[in-house]
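Just below is one structure, and these are the notes that go with it.
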Amino acid sequence: MATRIALVADPDGPGGRFQRLADDGSPAGPPERTADLAASVAAAEARERPRWVWASTDALYPRLLPLRAARCHDLALVEPLLLAHEGHYGHPRSLGAAWARLHGLAVPEDRRESALPDDQPTLFQPDRLQLPAGTDPLRAVVEVHADQQRRIAAAEHPDRMRLLAAAESAGALAAAEMAYEGLPWRADVHDELLTGLLGPRPPAGVQPQLLAEVAAELQQAFGGRPFNPDSHVQVLRAFAEQGFSLPSTRSWVLQQVDHPAAALMLRYKELSRIHTAHGWAWQESWARGGRFRPEYVVGGVVSGRWASRGGGALQIPRMLRGAVVADPGWSLVVADAAQLEPRVLAALSGDAGLARAAAQGDLYEALAALAFGGDRARAKLGMLGAMYGQTSGEVGPLLAVLRRRFPTAMAYVEAAARTGEEGGVVRSHLGRTCPPPSAGWQDLAGAGAAGAGAEDDGGSDGDRAVRAARARGRFTRNFVIQASAADWALALLAALRRRLAEIGPDATGGRPHLVFFQHDEVVVHVPTQYADAAAAAVAEAGEEARHLVFGATPVRMPLEAHVVECYADAK
DNA sequence: ACAGACCGCGCC
DNA sequence: AAAGGGCGCGGTCTGT
């Protein structure tokens, strides 16, 4: 067990205070003061690699970077994990809120975002502990931490909750480090890609040439009247005038329309999307100085997946991945966990047949061989339907096959769905708990159970109650898988950043570091001489995460690492 | 003028 | 019989 050290930064100035803690969180020394927080942290890292206990990694760690902390306990991230596990939901995350709850005081409102000026990323805002005036922040950190340690020990599976808290906290370290490093982004390559698609860069606010041309052709195809292709209403009306009554302007709908305007519309949407979401304006805002610097929001999704704020970090179009190029003398290691979610289901449920398929490199191929006459496409469609709760169309019969051949796995997801339909909560393997149903959902469920029959165009209350129940069932069905996959991914990140820290440095001080993380995929930027070592570290970290999270399971969760110069070359 | 709902699409 | 999970973002549209 690592030493624990509680740490608070002075609100202004480079100093701070700290206190050594025993593993249960009780003080193991007196409160101490340092005039140079970073120097004290660096010294302690070199000496003993403690687990830093602090209010919020977001608030404190950026001021320490590029200094690396090996591990931490993030009180603001652990608190909601524990609260949700204990049956509470929707509480503020600040240290102040946790401290107030602990002392039976009124919980302060969470005003993390609202009061901030918008010219600076939230990440670099000073700490907002939101403690009552006069409260000693170090004492609050120590007390809230001790309380959290007690609650972790009281969890349904204390070891798993301890791992979850550590992994979530390690994720926060990795997120701050990735924001600091940035993803290598070649503006010149991005420009070339945009110019090829849209024409030369126009002045701000002017439609690119090729986009304007497609818009003009569209207008011609619809008879020449002024027409805004960005307006769904106008697009639907234009198609109606040509004799096509469309349910929506979705691309799969347009693909089936036999009219010259349909192809133009699809082309327009594609170009417009690139221009508005990842065009020159995006580059100006998010990818300056050769780096794309997104803000990750650790735990931003209830399932434990990360979200991002600004820049669309988790939606970089494949079309633009050519702009992600390693620095000269450096490489990228790109690795993703293939078919992670069905593998996670196999591990969670302990289904022997599915585990047999998941012991293979291509799970769907193996599944097809076991149950679908070798038809990989149908095996995949059925598996996805089982995990998402889809049953329409051709999926129904596939589910019947899965139920017959993999009864334990199917019973697992169906039990999760039933729990959700009945208003219950489910947990990930490590104990992350899904939110309870909303008040509106419960009202609807009550009305549905009462059999009241007020009709409107949404059907009777009973119909709506059934639809809402099914929707929640699909959510909890998917939650157990998605959230357990997120458990694994966090453990992977934690293991990987620890292993990467042991590689290098090269003659210029270069070391590998994580630069991108997207649910089940990581990108490492690494001096080329260490690329193979980093690729090996990725594979080993995947194995470590599998053992940590799922214990002894025959299910493989392979991470295939590609050493490339350019992200686009990884697949 | 602004806020929030809705749409449709990018990613997993 | 039918029933598709999770996000962020920028666009229009609607209500105030």
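Below, chain A is the first sequence line, B the second, and so on; all start at residue 1.
Nucleic acid contact class of A:R318 (heavy atoms, under 4.0 Å, all strands): sugar-phosphate only. When heavy atoms are screened at a 4.0 angstrom cut-off, A:I316 is found touching the sugar-phosphate backbone but no base atom. Across all strands, A:R321 comes closer than 4.0 Å only to sugar-phosphate atoms, never to a base (heavy-atom distances). When heavy atoms are screened at a 4.0 angstrom cut-off, A:T276 is found touching the sugar-phosphate backbone but no base atom. Contact annotation for A:R470: base contact, defined as any heavy-atom pair under 4.0 Å involving a base atom. Counting any heavy atom pair closer than 4.0 Å across all strands shown, A:G311 reaches sugar-phosphate atoms only and no base atom.
The CG-P distance, from A:L271 to B:dC9, rounds to 14 Å in whole Å. Atom P of nucleotide B:dA5 and atom NE2 of A:H232 are separated by 17 Å, given to the nearest angstrom. Between the P atom of C:dG4 and the CZ atom of A:R250 lies a distance of 12 Å, rounded to the nearest Å.
A donor-acceptor pair under 3.5 Å links the side-chain atoms of A:H429 to the main chain of A:V549, judged by distance alone.
Between A:W282 and A:H190, the distance from one ring center to the other falls under 6.0 angstrom. Taking the six-membered ring for Trp, A:F516 and A:F292 have ring centres at least 6.0 Å apart.
On a pure distance criterion of 3.5 Å, a polar donor-acceptor pair joins the side chain of A:Q315 and the base of C:dG8. Between the base of B:dC12 and the side chain of A:R305 there is a donor-acceptor pair shorter than 3.5 Å.
The shortest distance between the side-chain N/O atoms of A:S231 and the OP1/OP2 oxygens of C:dC13 is below 4.0 Å. The phosphate of B:dC9 has OP1 or OP2 within less than 4.0 Å of a side-chain N or O from A:K269.
Of all nucleotides listed (C:dA3, C:dG6, B:dC9), C:dG6 comes nearest to the side chain of A:V301. With C:dG8, B:dC12, C:dG11 as the candidates, the nucleotide lying closest to the side chain of A:H519 is B:dC12.
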